[in-house]
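One structure is given below, encoded as structure tokens.
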Amino acid sequence: MKQTRIITIKKLAAALTAASLLTFTLSADAAEKLEKDSLKLGFIKLTDMAPLAVALEKGYFEDEGLSVQVEAQANWKVLLDRVIGGELDGAHMLAGQPIGATIGFGTKADIITAFSMDLNGNAITVSNDVWQQMKPHIPIKDGKPVHPIKADALKPVVEKYKSAGKPFNMGMVFPVSTHNYELRYWLAAGGIKPGFYAPPQDTSGQLDADALLSVTPPPQMPSTMDSGTIVGYCVGEPWNQQAVFKGIGVPVISDYEIWKNNPEKVFGVSKEWADKNPNTHKAVIKALIRAAMWLDADNNKNRPEAVEMLSQSQYVGADYEVIANSMTGTFEYEKGDKRDLPDFNVFFRHNATYPYYSDAIWYLTQMRRWGQINEQKSDAWFMETAKQVYRPDIYRAAAKALIADGKAKASDFPADTETGFKAPTDDFIDGIVYDGSKPNDYLTKFPIGLKGKQKVVGGKVVE
């Protein structure tokens, strides 16, 4: 009896040893497939860095054999420079950053993206004083302002500043940021000139401007406005809601109302890094896709948990209530005027994670519109540039691997026949139709902005 028990224990030990060896072998095989398994990824303290936090906290990076450290960066330029220099393996980026770098506006570098991190998520906030001056020009219904609020209501305020010889200063986060283009779009739709660039001589973006736009890092927006340096800004969350909570300003419009379901941030890496680490890159994208799916699952049921994550100091570090005010399906404009806005933050639905060429081309049209691209380009050039930067082929490979792993369904993603171009849409504050396949035709539709052969010379628009 005793001998039988000893034999049984020996067999069990042998089986456990074999199982351990098998596990080790499988892990080793998985590790061999990754060119690099220890990564440092950068981000800016904004709500839309959420996929990085979730992929880390929920173990999705670990599932792919990756040891990941995420690190907050001082500003967008530092973040980009560190990706280019190799100090960061990749980062949460402004959607315009890989495009701007590729065409050489500012820092020249080959940066690509295979993953769109989110849709929407920004707003335009003005100081209490500017808001009080705007209110007489805004329609009221049931005692509340009618939304969306157009820049038409701001125009008399800007004109008053000009008459008094005072600059109307507004903040945005970076010259190639969505925030810059959304703020410019909104202002121009209301007849307010946001100014032109004329690189390399003038990169201020303030030539012939009614409103003077300049760069302010996102977390500093509320305090910069409170000090009077700027009187309004466009930024991502939670820095608009922070102005509401501090009682220093009023968000007047969300970017969902400027351009419904606009692409906002991307995950960017250098092309050199992607070429050297294709399997690692795919593994990162797989983990980020799973994080995005979790964030939008079952009508945002996981958002409160996500807000808890983001409120930690190593991520966004703002109060739970401030982040939750927009992240959980509502948005507060004037204090006490909280409205339902379920798609203020979108991470997966509406194919949010897919890197569409038409999204890249929209950014390029705005760069051309405001003189960051100061010469006419062919429609073919727009397409070729988009294809250099946006990489749906890598995204598809990651999606197919998740389907094979049983962690996603084919129906979760765009069909294999996807062209990379969204259908033409007029979901903009001014109702102008955008068709990504006809960028030059699109530019002709704007009363304010460069088009055709126009360029900025000596501070003036010339044909």
Under the rule for ring pair (Phe, Tyr, Trp, His ring centres under 6.0 Å), what residues qualify as partners of Tyr315, not counting sequence neighbours?
none
I would like to know whether Tyr434 and Tyr442 meet ring pair (Phe, Tyr, Trp, His ring centres under 6.0 Å); could you show each step before the answer?
CA-CA 6 Å; Tyr434 171 59; Tyr442 179 57; 4.7 Å; yes
Output yes when a side-chain donor or acceptor of Asp430 lies under 3.5 Å from a complementary backbone atom of Ile432, and no otherwise.
yes
Under the ring pair (Phe, Tyr, Trp, His ring centres under 6.0 Å) rule, collect the residues that match up with Tyr357, sequence neighbours excluded.
none
Considering all heavy atoms of both residues, which atom of Thr125 and which atom of Gly249 are nearest to each other, and what is their separation?
CG2-C, 4.2 Å
Holding to ring pair (Phe, Tyr, Trp, His ring centres under 6.0 Å), I want the full list of residues that pass it with Tyr363, two or more places apart in sequence or in another chain.
none
Centroid separation under 6.0 Å, is that true for the rings of Tyr356 and Tyr390?
no
Given 3.5 Å as the limit, does a donor-acceptor pair link the side chain of Asp255 with the main chain of Asn122, or not?
yes
Would you check if the side chain of Glu332 reaches a backbone N or O of Gly336 as a donor-acceptor pair within less than 3.5 Å?
yes
Between CG of Asn120 and CG of Asn345, what distance do you get to the nearest 0.5 Å?
7.5 Å
How are the rings of Trp259 and Trp362 set relative to one another: parallel (under 30°), tilted (30 to 60°) or perpendicular (over 60°)?
tilted
I'd like to know if Lys260 pairs up with Asp343 as an ion pair, taking the criterion as any Lys NZ or Arg NE/NH1/NH2 lying under 4.0 Å from an Asp or Glu carboxylate oxygen.
no
If we count only N and O atoms by modelled type, under 3.5 Å, do the side chains of Asn300 and Arg349 hold a donor and an acceptor together?
yes
Candidate list Glu264, Gln97, Gln366, test side-chain hydrogen bond (donor to acceptor under 3.5 Å, both in side chains), partner Thr178, passing option:
Glu264
I want to check something: taking the side chain as every heavy atom from C-beta on, are Arg303 and Ile323 in contact at a cut-off of under 4.5 Å?
no
Taking every heavy atom of Leu187 against every heavy atom of Ala211, the minimum-distance pair comes out as CD1-CB, 4.1 Å
What I want to find out is whether Asp412 reaches Lys409 closely enough, with some N-O distance under 4.0 Å, to be called a salt bridge.
yes
Is there any side chain to side chain donor-acceptor pair (under 3.5 Å) pair reaching into residues 226-239, and which pairs are they, with sequence neighbours excluded?
Ser227-Thr229, Glu237-Asn240
Checking the side chain of Glu257 only, and the main-chain atoms of Ser254 only, is there a donor and an acceptor separated by less than 3.5 Å?
yes
Heavy-atom closest contact (Pro251 atom, Val244 atom, distance)
CD-CG2, 3.3 Å
Would you tell me whether Gln388 and Thr102 have side-chain atoms, one donor and one acceptor, within less than 3.5 Å of each other?
no
Identify the heavy atoms of Ile361 and Ala386 that sit nearest to each other, and give their distance.
CG1-CB, 3.8 Å
Tyr333 six-ring face occupied by Arg339 cation (under 6.0 Å, within 45°)
yes
Cation-pi between Arg369 and Phe446: NZ/CZ under 6.0 Å from ring centre and within 45° of the ring axis?
yes
How about Phe413 and Tyr354: are their ring centres within less than 6.0 Å of each other?
no
Identify, with sequence neighbours excluded, every residue that meets side-chain contact (heavy atoms from CB on, under 4.5 Å) alongside Glu305.
Lys58, Trp294, Met309
Suppose we screen for side-chain contact (heavy atoms from CB on, under 4.5 Å). Which residues come up paired with Asp210, at least two apart in sequence or across chains?
Val158, Lys162, Ile192, Lys193
Checking the side chain of Asn128 only, and the main-chain atoms of Gly247 only, is there a donor and an acceptor separated by less than 3.5 Å?
yes
Do the side chain of Arg368 and the main chain of Pro439 share a donor and acceptor less than 3.5 angstrom apart?
no
With sequence neighbours excluded, tell me which residues meet side-chain contact (heavy atoms from CB on, under 4.5 Å) with Thr203.
Pro199
Can you tell whether the side chains of Lys135 and Glu334 come within less than 4.0 Å, N to carboxylate O?
yes
For residues 142-154, run the donor-acceptor check on the side chains, cut-off 3.5 Å, and write out each pair with its distance to 0.1 Å, sequence neighbours left out.
none

Under the ring pair (Phe, Tyr, Trp, His ring centres under 6.0 Å) rule, what pairs show up with a residue in residues 99-128, not counting sequence neighbours?
Phe105-Tyr197
Under 3.5 Å, is there a donor on one side chain and an acceptor on the other for Asp129 and Ser127?
no
Using modelled atom types and a 3.5 Å cut-off, is there a donor and acceptor pairing between side-chain atoms of Gln312 and backbone atoms of Gly317?
no
Dump the intermediate steps for side-chain hydrogen bond (donor to acceptor under 3.5 Å, both in side chains) on Tyr161 and Gln133, then the final yes or no.
CA-CA 11 Å; Tyr161 268 69; Gln133 294 182 62; 4.7 Å; no
Taking the side chain from Asp118 and the backbone from Lys265, do they hold a donor-acceptor pair closer than 3.5 Å?
yes
Any chance you could measure Ser116, atom OG, to Asp359, atom CG, to the nearest 0.5 Å?
6.5 Å
Is the shortest side-chain heavy-atom distance between Thr280 and Lys33 below 4.5 Å?
no
Quick note, side chain to side chain donor-acceptor pair (under 3.5 Å) partners involving residues 103-112, not counting sequence neighbours, are none
May I have all residue pairs that pass side chain to side chain donor-acceptor pair (under 3.5 Å) and include part of residues 73-91, sequence neighbours excluded?
Lys36-Asp89, Glu71-Gln73, Glu71-Arg82, Gln73-Arg82, Lys77-Asp81, Arg82-Glu87, Asp89-Trp273
Rounded to the nearest 0.5 Å, what separation is found between the CG atom of Leu288 and the OG1 atom of Thr353?
9.5 Å
Pair Tyr256 and Phe344, ring centroids less than 6.0 Å apart
no
With the threshold set at 4.0 Å, does a side-chain nitrogen-carboxylate oxygen contact exist between Lys286 and Asp63?
no
Which residues pass the side-chain contact (heavy atoms from CB on, under 4.5 Å) test with Pro278, not counting sequence neighbours?
Glu35
